[in-house]
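Indexing begins at 1, ligand by ligand and atom by atom, following the structure's order.
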Amino acid sequence: MRVLVITGAGVSAESGIPTFRGKDGYWRNLDPARLATPEAFAKDPRLVWQWYRERRERIRKSEPNPAHQAIAKLAQHAQDFLLVTQNVDDLHARAEWEGNTLVRQNIVQIHGDIFITRCSHCDFVDAGRGGSPEPPAPGTIDSNSGRLRSIAPTSAQAEQEEEEIPKCPRCGALVRPGVVWFGEQLDLGEVQRVENFLDEGACDFALVIGTTAAFGYIIDWALRAIASNGELVEVNPDETSLSRFATHLIREPAAVALPRLVDELVTQ
Ligand code: OAD
């Protein structure tokens with residue numbers, strides 16, 4: 001069995017990580033132009049850094065759910081398997097099935113990894129999973145809503161927090177989260193890994209889970225994976241721009257649908 005799995009924020013929703021465009025999604029309340037673009041970081045690095053710090057904190061407190069675990073199980077049973085995730089969290093990598101986690105070669109984080117930091121100027125990368133794990137600065141998070149309290153901290157806070165954005169040990173510029181921001185190119189090395197997997201042969205199954213498939217390459221990869229006569233299975237409570245291409249639609253939450261679906265696939 002040759003399988004391509006593509007996931008989005010919906011697969012981590014049941015682990016308590018907000019999606020982007022769903023109900024209570026990040027982009028419903030926050031402006032991506034102020035938080036997820038290189039221009040936003042140049043304009044207000046402290047705000048952007050704090051937002052990613054808050055997200056890292058939330059991810060650290062979260063656990064993989066049965067959908068992540070079922071995908072780890074599928075990887076164990078498939079002859080050829082690749083997971084392409086748009087998620088910058090590490091829940092896929094942490095998910096275990098019978099003590100086994102996905103191997104690094106089987107995961108492509110196409111939008112980057114929130115626990116990696118890199119220099120905003122030179123090509124220094126700190127993959128030490130550090131990403132400065134300390135919790136957000138005091139008073140930044142509104143204890144009721146759990147959201148950023150105010151965008152414009154007091155000057156005293158500003159100086160102190162400015163200092164806390166780590167500097168590149170090589171060139172001294174500010175470091176930034178190792179994620180792909182709007183208007184930025186995907187990592188060509190990671191894209192090539194997906195292309196190589198697609199070129200190596202058609203898939204029996206392409207599972208697309210918890211994504212609005214807002215980006216064209218997601219639909220393109222799913223369709224190319226099942227080019228000849230594979231099955232394209234969409235797992236998502238809602239309709240998406242990929243739904244009309246799917247051969248199977250499972251309108252259920254991923255943590256409910258995936259354990260059952262994977263059991264069916266591995267016992268075929
Ligand atoms: P979205 O928020 O756009 O879509 C999440 C999808 O998950 C929606 O279609 C929901 O219906 C679905 N969903 C919600 N709960 C679910 C559940 N329990 N089980 C299954 N599906 C569920 O998130 P993405 O499609 O991942 O990129 O967004 C793609 C990219 O846009 C992200 O990687 C991020 C964002 O902006 C960048 O920032 C570059």
Side-chain angles (χ1 to χ4, degrees), residues 5-41 48-49 51-52 54-56 58-59 62-71 83-92 95 107-116 118 176-187 190-191 194 206-222 232-246 248-262:
V5 175
I6 299 178
T7 65
V11 80
S12 294
E14 291 153 281
S15 296
I17 313 275
T19 66
F20 293 91
R21 298 172 186 82
K23 195 172 88 35
D24 291 332
Y26 278 127
W27 299 154
R28 290 287 182 102
N29 308 296
L30 300 170
D31 177 0
R34 298 190 64 192
L35 291 166
T37 64
E39 295 76 21
F41 188 72
V48 173
W49 185 259
W51 187 56
Y52 281 91
E54 184 204 313
R55 290 179 60 190
R56 278 194 294 272
R58 189 191 283 260
I59 294 165
S62 305
E63 293 301 328
N65 64 54
H68 298 106
Q69 286 142 7
I71 291 166
L83 166 67
V84 177
T85 184
Q86 298 166 88
N87 301 346
V88 296
D89 65 50
D90 64 349
L91 298 182
H92 278 303
I107 305 178
V108 171
Q109 284 191 282
I110 202 66
H111 291 164
D113 180 337
I114 200 170
F115 293 105
I116 287 178
R118 58 186 175 86
R176 51 161 286 177
V179 301
V180 177
W181 281 329
F182 289 99
E184 292 188 320
Q185 257 207 332
L186 298 178
D187 179 309
E190 294 303 294
V191 171
V194 181
L207 310 185
V208 181
I209 306 154
T211 179
T212 43
F215 299 106
Y217 44 82
I218 297 300
I219 298 181
D220 173 56
W221 289 335
L232 175 47
V233 183
E234 179 178 67
V235 179
N236 193 319
D238 295 339
E239 179 91 13
T240 76
S241 38
L242 183 120
S243 301
R244 61 195 165 93
F245 301 109
H248 298 276
L249 293 171
I250 302 179
R251 294 276 174 251
E252 291 177 76
V256 174
L258 259 293
R260 193 184 65 240
L261 173 62
V262 167

*Asks:* Check each of Ser241, Ala13, Pro237, Ser243 against atom 22 (C) of ligand 1 and report the one with the nearest heavy atom.
*Replies:* Pro237
*Asks:* CG of Leu232 to CG of Leu249: how many Å apart, nearest 0.5 Å?
*Replies:* 8.5 Å
*Asks:* Is any side-chain heavy atom of Val194 less than 4.5 Å from a side-chain heavy atom of Tyr217?
*Replies:* no
*Asks:* For residues Arg55 and Pro177, determine if any side-chain heavy atom of one lies less than 4.5 Å from a side-chain heavy atom of the other.
*Replies:*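 Side-chain contact under 4.5 Å: no.
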*Asks:* Please list, in number order, the atoms of ligand 1 under 4.0 Å from a heavy atom of Gly8.
*Replies:* 26 (O)
*Asks:* Heavy atoms only: which of Gly112, Ala254, Ala9, Gly183 lies closest to atom 19 (N) of ligand 1?
*Replies:* Ala254
*Asks:* Got an N/O contact under 3.5 Å between Trp27 and ligand 1?
*Replies:* yes
*Asks:* Any idea which atoms of ligand 1 are less than 4.0 Å away from a heavy-atom of Glu14?
*Replies:* 17 (C), 18 (N), 19 (N)
*Asks:* Measure the CG-CH2 distance between Leu35 and Trp27 for me, rounded to the nearest 0.5 Å.
*Replies:* 6.0 Å
*Asks:* Mind checking whether Asp113 and Asp90 have side chains closer than 4.5 Å, heavy atoms only?
*Replies:*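 A side-chain contact is absent here, since even the closest heavy-atom pair is not under 4.5 Å.
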*Asks:* Just verifying a value: how many Å separate Asn65 CG and Leu91 CG, rounded to the nearest 0.5 Å?
*Replies:*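 These two atoms lie 7.5 Å from each other.
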*Asks:* May I ask you to identify the nearest protein heavy atom to atom 28 (O) of ligand 1, giving residue, atom name and distance to one decimal place in Å?
*Replies:*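 Its nearest protein heavy-atom neighbour is Arg21 NH1, 3.0 Å.
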*Asks:* With a 4.5 Å limit on heavy-atom distance, are the side chains of Glu234 and Leu207 in contact?
*Replies:*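 They are not in contact (no side-chain heavy atoms under 4.5 Å apart), so the answer is no.
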*Asks:* Counting from 1, what ligand 1 atoms have a heavy atom of Asp238 closer than 4.0 Å?
*Replies:* 11 (O)
*Asks:* Can you find a pair of side-chain heavy atoms, one from Phe215 and one from Ile110, that are under 4.5 Å apart?
*Replies:*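 The answer is no, as the side chains (C-beta and beyond) never meet within the 4.5 Å cut-off.
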*Asks:* Which atoms from ligand 1 have a heavy atom of Thr211 less than 4.0 Å away?
*Replies:*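 With Thr211 as reference, the close atoms of ligand 1 come out as 6 (C), 7 (O), 9 (O), 24 (P), 25 (O).
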*Asks:* Nearest 0.5 Å, what's the CD-CZ distance between Glu184 and Phe182?
*Replies:*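 The CD atom of Glu184 sits 11.0 Å away from the CZ atom of Phe182.
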*Asks:* Would you check the N or O atoms of Thr240, main chain and side chain alike, for any that come under 3.5 Å of an N or O of ligand 1?
*Replies:* no
*Asks:* Out of Gly210, Gly22, Ala213, Ala36, who is nearest to atom 5 (C) of ligand 1 when you count heavy atoms only?
*Replies:*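 Of the listed residues, Gly210 has the closest heavy atom.
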*Asks:* When you compare ligand 1 with Glu252, is there at least one nitrogen or oxygen pair between them that comes in under 3.5 angstrom?
*Replies:* no
*Asks:* Working to the nearest 0.5 angstrom, can you tell me the gap between Ile250 CD1 and Leu258 CG?
*Replies:*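 Answer rounded to 0.5 Å: 8.0 Å.
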*Asks:* Among protein heavy atoms, which sits nearest to atom 17 (C) of ligand 1, and what does the distance come to when rounded to 0.1 Å?
*Replies:*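 For this ligand atom, the closest protein heavy atom is Gly10 O, 3.3 Å.
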*Asks:* Angle between ring planes, Trp51 versus Tyr26, binned at 30° and 60°: parallel, tilted or perpendicular?
*Replies:*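 Rings of Trp51 and Tyr26: perpendicular, as their planes differ by over 60°.
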*Asks:* Who's the nearest protein heavy-atom neighbour of atom 11 (O) of ligand 1, and how far?
*Replies:*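 The answer is Asn236 OD1, 2.8 Å.
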*Asks:* Specify the protein heavy atom at minimum distance from atom 29 (C) of ligand 1: its residue, its atom name, and the distance to 0.1 Å.
*Replies:*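 The closest one turns out to be Gln86 OE1, 3.3 Å.
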*Asks:* Could you list the atoms of ligand 1 found under 4.0 angstrom from a heavy atom of His111?
*Replies:* 27 (O), 30 (C), 32 (C), 33 (O)
*Asks:* Taking only heavy atoms of Val180, which atoms of ligand 1 are found under 4.0 Å from at least one of them?
*Replies:* 39 (C)
*Asks:* Under a 3.5 Å threshold, yes or no: a donor from one side chain and an acceptor from the other, between His92 and Ser12?
*Replies:* no
*Asks:* So between Phe182, Phe20, Phe215, whose heavy atom ends up nearest atom 30 (C) of ligand 1?
*Replies:*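 That would be Phe215.
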*Asks:* Below 4.0 angstrom from a heavy atom of Pro253, which ligand 1 atoms are there? Numbered from 1 as shown, please.
*Replies:*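 Near Pro253, meaning under 4.0 Å from one of its heavy atoms, ligand 1 has 17 (C), 18 (N), 19 (N).
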*Asks:* Check contact between Tyr26 and ligand 1, using heavy atoms of the residue and a distance below 4.0 angstrom.
*Replies:* no
